[in-house]
Amino acid sequence: MTAPITPKVIVQAENFDVSLEERELREGRLDVGAVLSFTGICRDEGGLLEALELEHYPGMAEAELTRIAVEACKRWPLTGLTVIHRFGKIKSGENIVLVVAASAHRRAAFNAADFLMDFLKTRAPFWKKEHFKQDGEGSWVAAKEKDDEDAARWN
Amino acid sequence: MTAPITPKVIVQAENFDVSLEERELREGRLDVGAVLSFTGICRDEGGLLEALELEHYPGMAEAELTRIAVEACKRWPLTGLTVIHRFGKIKSGENIVLVVAASAHRRAAFNAADFLMDFLKTRAPFWKKEHFKQDGEGSWVAAKEKDDEDAARWN
Amino acid sequence: MSTIKVRYFAWLRERTGTAEEAIELPDNVNTPAALMEWLKQRDEAYAYAFEETDAIRTAIDHEHVEHDHPLTGAREIAFFPPMTGG
Amino acid sequence: MSTIKVRYFAWLRERTGTAEEAIELPDNVNTPAALMEWLKQRDEAYAYAFEETDAIRTAIDHEHVEHDHPLTGAREIAFFPPMTGG
């Protein structure tokens with residue numbers, strides 16, 4: 001078995017380009033049999049939500065995402081792994097988070113991306129505040145117990 | 001619960017554009033919180049493989065992919081589902097299959113795409129023949145027991 | 001007696017040397033299993049193609065069926081190896 | 001006595017009215033739990049922010065820790081609600 005690869009982890013305010021990130025993990029190599037991209041998007045909650053304000057802990061956000069991504073690279077034989085998480089004001093319909101996992105085989109790509117999203121939700125230091133269309137600034141989104149259960153699946 | 005959506009299923013010789021298909025499932029709507037794209041790619045098997053020749057059963061390929069996709073739309077609350085499978089000669093590094101699943105929530109998108117790939121592998125009438133760089137036309141790829149086991153997870 | 005279109009894919013197509021053909025079904029050939037036995041009697045190529053029927057999948061009118069499924073009303077039957085798409 | 005940088009995020013930042021501050025740690029304040037109890041004594045804003053310490057997560061030098069983790073050698077401690085990214 002080859003050594004785990006080093007994931008690419010970025011925390012940024014700007015949007016990302018899914019196809020650009022996919023291309024980066026495929027270009028110039030012929031050992032990639034599976035590429036999985038997961039994009040998390042801000043919903044408008046039935047027309048109520050204007051935007052989410054994503055607060056993060058600079059420094060720790062990168063460090064924690066990297067720890068989770070490195071763990072994924074140890075658990076599954078990936079050929080590439082990219083994680084991009086945005087912060088700041090994100091309007092409904094806009095991208096929040098991207099995970100791209102590449103591997104020789106599909107199961108590794110699925111498991112790694114699934115694992116990454118579960119742990120990212122419960123461990124990466126980001127907090128969402130809702131901005132409603134009618135009432136302006138709303139409240140902080142509460143963490144879901146379901147997210148903890150999802151993360152516990154991987155123990 | 002809203003009625004299941006109608007999936008888009010295409011069997012074609014031409015390549016597909018992942019970002020185009022993703023855009024189609026997102027455009028003009030704000031209820032999509034998760035978009036998952038899975039791309040299956042032809043590997044070169046350590047430099048040995050030139051291409052795969054994908055034979056298919058026209059008519060049944062579309063019908064069977066549609067049956068699997070419709071079942072996925074019944075099982076999970078998807079907002080969109082696209083399946084494209086190519087046939088003909090596919091060189092190493094080129095795309096073979098695409099599944100894009102969109103949903104309000106990430107678990108539905110992950111499960112639907114995972115389910116689809118498992119069933120597609122064991123039920124969609126496609127057969128791969130290997131073309132090697134050195135020895136020219138090779139043999140038919142054998143079905144893997146592991147694929148049947150993967151598909152059995154969903155019973 | 002009824003006529004059925006028979007299709008062969010992948011190595012079944014190569015071994016039989018046939019992609020598709022129309023066959024007049026004898027009355028006692030009323031399942032895919034019976035049709036495979038009947039085809040095996042034709043010549044060496046068919047005998048070779050159908051030597052391991054356990055490894056062969058079959059579809060009637062574009063739907064997977066078991067080997068003991070009735071052929072009644074079938075317009076098209078296909079024989080092929082286990083699928084390897086995706 | 002040692003100085004530690006304390007950071008607050010999300011509703012903890014809003015309730016304390018502070019994003020970050022430097023605090024001289026009294027000798028007996030040697031865990032996140034003890035520091036939270038100490039902060040609660042400061043004023044009503046802090047008392048409100050830390051009224052339910054079970055709901056508060058903490059990190060030392062950018063790593064998640066339990067409330068009873070020693071503060072020895074810590075340069076930065078952060079208090080925040082359960083994460084809701086992704």
Side-chain angles (χ1 to χ4, degrees), chain A residues 9 11 38-43 52-69 83-88 90 95-99 113-130 137-148 150-151, chain D residues 3-23 31-33 35-36 39 44-86:
Chain A
V9 174
V11 174
F38 176 84
T39 309
I41 301 158
C42 177
R43 282 173 288 127
L52 288 172
E53 178 81 31
L54 264 124
E55 183 168 334
H56 78 301
Y57 183 173
M60 180 170 171
E62 292 84 348
E64 190 64 26
L65 286 177
T66 300
R67 279 190 284 268
I68 301 166
V83 185
I84 303 178
H85 204 304
R86 295 180 67 195
F87 61 85
I90 293 173
N95 295 330
I96 298 173
V97 62
L98 173 69
V99 172
D114 199 7
F115 168 90
L116 226 120
M117 284 305 303
D118 277 351
F119 276 79
L120 183 156
K121 288 225 166 219
T122 55
R123 297 190 61 88
F126 290 86
W127 302 273
K128 289 186 184 125
K129 187 171 206 172
E130 296 167 321
E137 195 167 315
S139 55
W140 293 95
V141 173
K144 293 187 192 78
E145 260 182 61
K146 180 72 175 62
D147 288 335
D148 286 327
D150 282 347
Chain D
T3 304
I4 195 166
K5 189 203 262 190
V6 187
R7 305 184 69 164
Y8 309 90
F9 292 96
W11 52 256
L12 272 151
R13 175 179 51 70
E14 290 179 342
R15 290 182 188 179
T16 60
T18 308
E20 64 174 81
E21 60 184 327
I23 287 177
T31 63
L35 179 52
M36 286 192 277
L39 287 165
E44 277 183 19
Y46 279 86
Y48 173 47
F50 288 96
E51 68 182 352
E52 281 188 75
T53 55
D54 282 359
I56 295 172
R57 307 292 180 93
T58 183
I60 290 177
D61 296 334
H62 295 173
E63 289 205 48
H64 292 292
V65 295
E66 298 296 325
H67 287 184
D68 60 356
H69 194 277
L71 292 183
T72 322
R75 293 179 304 277
E76 179 170 312
I77 183 166
F79 295 108
F80 43 78
M83 283 68 74
T84 55

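We name chains A, B, ... by the order of the sequence lines, and we start the count at 1 in each one. The basis for the numbers below is simple: all heavy atoms, side chains too, and nothing from hydrogens, waters or symmetry mates.
D/Phe9 and A/Trp127 have parallel rings, their planes meeting at less than 30° on a 0 to 90° scale where 60° marks the start of perpendicular.
Between A/Ala143 and D/Met83, the shortest heavy-atom contact is CB-O, 3.9 Å. The minimum heavy-atom distance between A/Met60 and D/Ala59, with the atom names listed, is SD-CB, 3.5 Å. Closest heavy-atom contact between D/Thr84 and A/Val141: CG2-O, 3.3 Å. Taking all atoms of both residues into account, the shortest heavy-atom contact from A/Lys128 to D/Gly85 is NZ-O, 3.6 Å.
In terms of heavy-atom pairs under 4.5 angstrom with chain D, the leader among A/Arg123, A/Lys144, A/Glu53 is A/Arg123. When each of D/Glu63, D/Arg57, D/Glu76 is checked for heavy-atom pairs under 4.5 Å with chain A, D/Glu63 comes out on top. Among A/Met117, A/Lys121, A/Glu64, the residue making the largest number of heavy-atom pairs under 4.5 Å with chain D is A/Lys121.
Only the backbone of A/Ala142 comes within contact range of chain D, with heavy atoms under 4.5 Å apart.
Considering only heavy atoms from C-beta on, D/Glu14 comes within 4.5 Å of A/Trp140 through its side chain.
Here the side chain of A/Lys129 pairs no donor or acceptor atom with the backbone of D/Trp11 at under 3.5 angstrom.
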